Amino acid sequence: MNNIYETLNDMQQLAVYHTEGPLLILAGAGSGKTRVLTHRIAYLIEEKHVQPYNIMAITFTNKAAGEMRERVNKIVGFGAEQVWVSTFHSACVRILRRYIDRIGYSNDFTIYDTEDQKKLLKDVIKNLNLDPKMYKENAVLGKISDFKNKLVTTGEVAQMAQSDFKLLNLSKIYNNYQEALKKNNALDFDDLIMKTVHLFRKCPEVLESYQERLKYIMVDEYQDTNGAQFAFIKLLASKYQNLCVVGDDDQSIYKFRGADISNILQFEKNFNNARVVKLEQNYRSTKTILDAANEVIHNNKGRKDKTLWSDNEQGEKIDLYQAEDAYAEADMVASTIKENVDFGRADYSDYAILYRTNAQSRALEEKLLLRNIPYKIIGGQNFYQRKEIKDVLAYLRIICNATDDIAVERIINVPKRGIGATTVTKAKDFARAYGFNLYESLLEVENIPGLERAATKVRKFTDLIENFKDQQQSMSLKELVNEVLNETGYVAELAAENTDEANGRIENIDELITKVTEYEENTDNPSLAEFLEEVALVSEIDNLDEDSSYVVLMTVHSAKGLEFPNVFLCGMEDGLFPGYMSIMSDDPEELEEERRLCYVAITRAMKHLTISYAKRRMVRGETQYNIISRFVKEIPMSLVNSKNVKDRVAAGFEKKPSFSGFGGYEGSLNHGGSGYLGSSYGGSRNFAANEHKNAYRTMAKKPAYGNPSTKPGFGKQFVVTKADIDYGVGDRVHHTKFGDGTVLGVEDGPRDYQVTVEFDTAGQKVMMASFAKLKKL
DNA sequence: TGGTAAGTAACCAAG
DNA sequence: TTACTTACCA
C-alpha cells in the first residue's frame with residue numbers, strides 16, 4: 001500500500017479506511033479534516049478502485065471545492081477531475097438544468113439574488129393589497145426562506161394557518177411569490193435545493209440515476225446544513241448508504257439561515273450503523289490559543305463533549321488591547337501589522353483581521369489605507385451586486401430569458417430613455433390583467449391603454465432588446481457585452497458624468513468584460529446562460545487568494561474554514577460580540593451560537609492572537625459605551641497579556657485624543673517577534689516589504705468606490721490571473737521605486753510569477769510580478 | 001417625467 | 001452614518 005496514508009494519525013486513518021456505510025467524522029478545529037477528506041477520496045480511487053465518477057464531495061464554498069479538487073488531483077493524478085466536487089447550490093443547479101422541466105419549470109431558468117427577491121416580493125405584497133409596514137420585505141423573506149429550508153410548501157403553510165390571520169396572509173404571500181418566480185422563470189437560492197428535492201421525490205428515475213452515479217458521498221461542514229440539504233443528501237445516499245459527513249457541532253454558526261444542528265447531533269439516529277470517528281488533535285494553533293478556545297467553548301451547555309489538544313508549542317500569550325474608540329483600535333491594528341512587516345517579522349498575508357459585523361471594516365480600512373498597507377475586504381458588497389454590474393447583467397439576463405420581469409424593470413429606463421414609473425406601472429397592470437410577462441406586454445405597447453404617448457419610447461426599447469437577441473447567435477459573449485454597452489449608451493452616460501464615482505463604475509464594467517473574456521476562454525462550450533449562472537453563485541470568499549501579499553479583513557462567519565498565522569479579533573464588546581440581540585434573547589441558544597462563533601474566531605489563529613475592544617463606538621450615528629465581551633472574560637488571565645499593551649496605549653492616548661496617527665505606542669507592540677520567524681511560513685516569504693508598499697501606493701489612493709483592493713474572481717473554474725508580463729530574463733526593466741534594473745530570473749508560481757531583478761542602485765530584489773508592475777525598457 | 005431636498009428606517013451574520 | 005423613500009417643483 002502506498003504510504004501516503006501513514007502520514008495520518010490513527011483516528012484520521014480510521015476515517016479514511018472506513019469507506020462503506022455511513023460515517024460521521026467529528027472534526028475539531030484544525031484537526032486536518034480536509035486532509036482526511038482528500039486522502040479518503042484518494043483511497044477510494046486508488047485502493048478501493050472506485051471510479052472517480054462515482055464520488056461526490058460537497059463543500060461549503062466554491063473556493064473550498066476548488067482547493068479540494070486541486071489537492072485530490074495532486075494525490076491521485078489521473079482521473080481525479082471526474083470526482084464531482086461542488087457546493088450544494090452548484091450541484092443542484094446542475095441537476096435542475098437537466099431535469100427541472102419534469103416538475104414544470106423551464107430549463108433555462110434564471111437565479112435570483114436577494115435584491116431580485118426583494119423587488120419581486122414587494123410587488124407581490126402590493127398586489128395583495130397588504131400593508132407593507134406590517135409585512136416587511138426582510139422579515140417576510142426570512143420566513144419564506146425558513147419555510148423553504150424546511151421544505152414546507154405553500155399549501156402546508158396555508159393549512160397550518162387555519163384562523164391565524166397573519167400566517168394566512170403570509171401563506172398568500174409565499175404562494176404568490178412562488179408563482180411570480182415561476183412566471184419569471186426564476187428560482188431563488190433556497191429554491192435551488194428545495195426544487196431538487198422535489199424533483200427527486202417526484203421523479204424516482206432521476207433520483208435513481210444519481211444514486212447509481214454517486215455511490216460515495218462526502219459532505220463537509222455538515223454542522224451547517226439545513227433541512228433541505230439534509231433531505232437532498234439523505235435521498236442521494238439512501239441506496240448505497242456510503243455517506244461520510246464531516247463537521248464540528250462547536251462550529252455551527254449558521255442557525256440564522258436555517259442550519260439545523262440536529263443534522264449532526266442526530267446523525268447516528270438518521271443513519272443506521274453509522275460509525276463515528278472523532279478527530280481531536282489540533283495541528284493548527286499553539287497551546288495557548290487552543291486553551292483559550294477550549295475554555296470559552298466549555299461554557300456552552302448543548303454540545304458533544306470533547307477537548308481539542310495539541311502537540312504544538314505553547315506559543316505566545318494572547319494580546320488584549322483596550323482602545324478608546326474604533327479608530328484607535330484600527331490604528332493599533334494597522335500600526336502593529338506595519339511594524340512587524342517592516343521589520344521582516346511577517347508578511348502581510350500572514351494577517352487576518354476579523355470582526356463580527358461588516359460595518360466594522362470601515363475604520364479598519366481607513367487606517368490601513370493611511371499606512372499604505374495592502375488589504376482586501378471579504379464580504380460586504382459582492383462585485384456582482386454592484387449597481388452597474390447588475391445593470392449590465394440585467395440586459396444579458398433579458399437576452400437569455402425575456403420572461404425575467406425583474407431584470408426588465410431594472411433597466412427599462414437605464415440609461416434614461418424617458419420611460420417613467422407611471423409607464424412601467426401601466427404596463428405591469430396590463431401584463432397582470434392578461435397574464436403576460438412584463439416584456440411580452442411591452443411588445444404590445446400600442447394596445448396598452450394610456451400609453452399612447454410613451455409607446456414610441458417603449459418600442460425603441462423592445463427593438464433594442466430584440467436586436468440583441470438576434471445578434472446573440474452570431475456573436476461571442478464578449479462582443480455581445482460590448483454591443484450592449486455601446487448600443488445602450490450605458491458607458492457613454494457614465495463617461496459624461498466624469499465623476500470619481502462614475503469612473504469607478506466604468507472600471508468595474510471593464511472588469512466585467514475581463515471576466516466574460518476569461519470565462520469564454522476557459523470554458524469548453526461557453527454560453528450566456530452558464531455564465532450568468534456562475535456569476536450568480538460566486539461568493540465573496542471565493543475571491544480570497546492566500547498567496548497574494550495582503551491583509552484580509554472579514555467577518556468571523558466568512559473566516560470559517562480558514563487559518564492565519566496572526567489574527568486580530570476586533571470589537572470584542574458586549575453588545576457587538578456577542579451581539580445585542582443574542583444578549584437580550586430569551587433563547588439561551590442564541591448566546592451559545594455567538595459563543596461558537598467566538599470559538600471559530602479564536603481557532604482561526606495559528607501563532608498569535610490579538611483581541612481588542614473599544615470603550616466607545618459609533619453605531620448608526622450614535623455613540624455606544626460597551627464593556628469588554630463576556631467571552632473574553634472566559635479566557636483565563638494566565639493566557640493573556642494585557643497590561644503592557646494597555647498602559648502604553650493609554651499613555652499614547654493622553655497626548656493625542658483625536659483620530660489622527662498616534663505615535664505614542666508605535667514600536668511597542670512587537671508580538672510575533674522572533675518567535676515564529678523560523679517556522680514554516682516565515683522563511684518562505686522573503687521578499688522585502690517595501691515593494692508591496694510601493695506597489696499598492698496607487699491602489700491606496702483610489703477611492704473606496706469600485707474598491708480596487710477587492711479584485712473579484714470566479715470560483716473554481718478560473719485560474720487566478722497571473723500578471724501579464726512582457727519581459728523575460730536579461731531584459732532591462734523599470735520599477736517605480738527602485739529604478740532601472742536587469743531581470744535575473746522569472747519563476748512561474750502557481751498564482752503569479754516571481755521575478756528576481758538586479759537593480760542598478762537598489763540591489764537585488766525578488767518580487768511578485770503582479771505587485772511589482774515592472775515596465776520593460 | 002426627472003431632479004432635488006427633506007425625512008426615516010436600518011445592520012447581525014450569507015448563498 | 002448611510003441608503004432609501006416620499007414630497008415637491010421645473
Side-chain angles (χ1 to χ4, degrees), chain A residues 58-65 86-93 111-119 122 132-133 136-139 141-142 145 148-149 187-193 221 224-226 228-229 252-259 326 354-363 378-382 384-385 387 413-425 453-454 457 533-542 554-560 571 575-585 590 593-594 596-598 600-601 617-624 704 715:
Chain A
I58 295 180
T59 59
F60 205 64
T61 61
N62 292 310
K63 175 172 142 62
S86 131
T87 62
F88 275 105
H89 288 95
S90 305
C92 289
V93 171
I111 300 167
Y112 274 5
D113 69 10
T114 315
E115 195 189 340
D116 302 323
Q117 290 183 65
K118 276 187 196 162
K119 286 183 174 162
K122 210 172 167 181
K133 291 227 160 41
K136 297 227 162 101
E137 287 149 45
N138 280 325
L141 223 43
S145 182
K148 292 188 178 183
N149 289 333
L187 300 186
D188 65 21
F189 285 125
D190 298 318
D191 276 340
L192 296 177
I193 317 287
E221 305 286 5
D224 283 321
T225 51
N226 62 38
Q229 288 164 336
S252 160
I253 54 173
Y254 281 105
K255 192 178 172 222
F256 74 92
R257 63 165 198 210
L354 307 182
Y355 37 77
R356 178 68 234 271
T357 65
N358 278 310
Q360 289 168 259
S361 67
R362 196 154 287 152
I378 305 285
Q381 203 191 23
N382 183 311
Y384 295 104
Q385 285 161 246
K387 183 189 177 299
N413 199 29
V414 179
K416 301 260 159 9
R417 23 178 104 81
I419 305 174
T422 31
T423 307
V424 174
T425 311
R453 253 190 304 155
K457 293 171 183 166
E533 168 184 315
E534 280 186 13
V535 152
L537 295 176
V538 263
S539 74
E540 266 295 292
I541 204 79
D542 297 336
M554 66 184 118
T555 64
V556 182
H557 280 92
S558 300
K560 186 176 78 156
L576 189 60
F577 195 178
Y580 179 76
M581 302 285 251
S582 65
I583 294 175
M584 289 303 153
S585 170
E590 288 208 23
E593 174 136 328
E594 292 282 306
R596 289 195 291 271
L597 192 59
C598 180
V600 169
R617 184 178 295 272
M618 282 277 254
V619 180
R620 275 194 259 130
E622 63 187 72
T623 307
Q624 255 175 31

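What you see is a predicted model, and the numbers here were worked out from it, not measured in a lab. Side chains included, hydrogens not; waters and symmetry mates left out as well; all remaining heavy atoms used. By convention in this document, chain letters (A, B, ...) are assigned in the order of the sequence lines, proteins followed by strands, and residues within each chain are numbered from 1.
At the heavy-atom level, A/K560 lies nowhere under 4.0 Å from the strands shown. Here A/S582 lies out of heavy-atom contact (under 4.0 Å) with every strand.
No donor-acceptor contact under 3.5 angstrom links the side chains of A/S361 and A/N358, judged on distance only.
Nearest-nucleotide positions on DNA chain B place A/N413 closer to the 5' end than the other of A/K118 and A/N413. Mapping A/I541 and A/A454 onto DNA chain B via the closest heavy atom, the residue that lands nearer the 5' end is A/A454.
You cannot call A/Y254 stacked on the base of B/dA14; the centres under 5.5 Å and planes under 30° rule is not satisfied.
Side-chain proximity of A/T114 to the nucleotides B/dC12, B/dG15, B/dG3 is greatest for B/dG15. Side chain of A/R257, nearest nucleotide from B/dG2, B/dA13, B/dA14: B/dA14. When each of B/dA14, B/dA13, B/dG3 is scored by its nearest atom to the side-chain atoms of A/T357, the top-ranked nucleotide is B/dA13.
Taking the six-membered ring for Trp and thresholds of 30 and 60 degrees, A/Y254 and A/F60 have ring planes inclined between 30 and 60 degrees apart.
Rounded to an integer number of Å, the gap from CZ of A/R362 to P of C/dT1 is 11 Å.
OP1 and OP2 of B/dA14 both lie 4.0 Å or more from every side-chain N or O belonging to A/S539.
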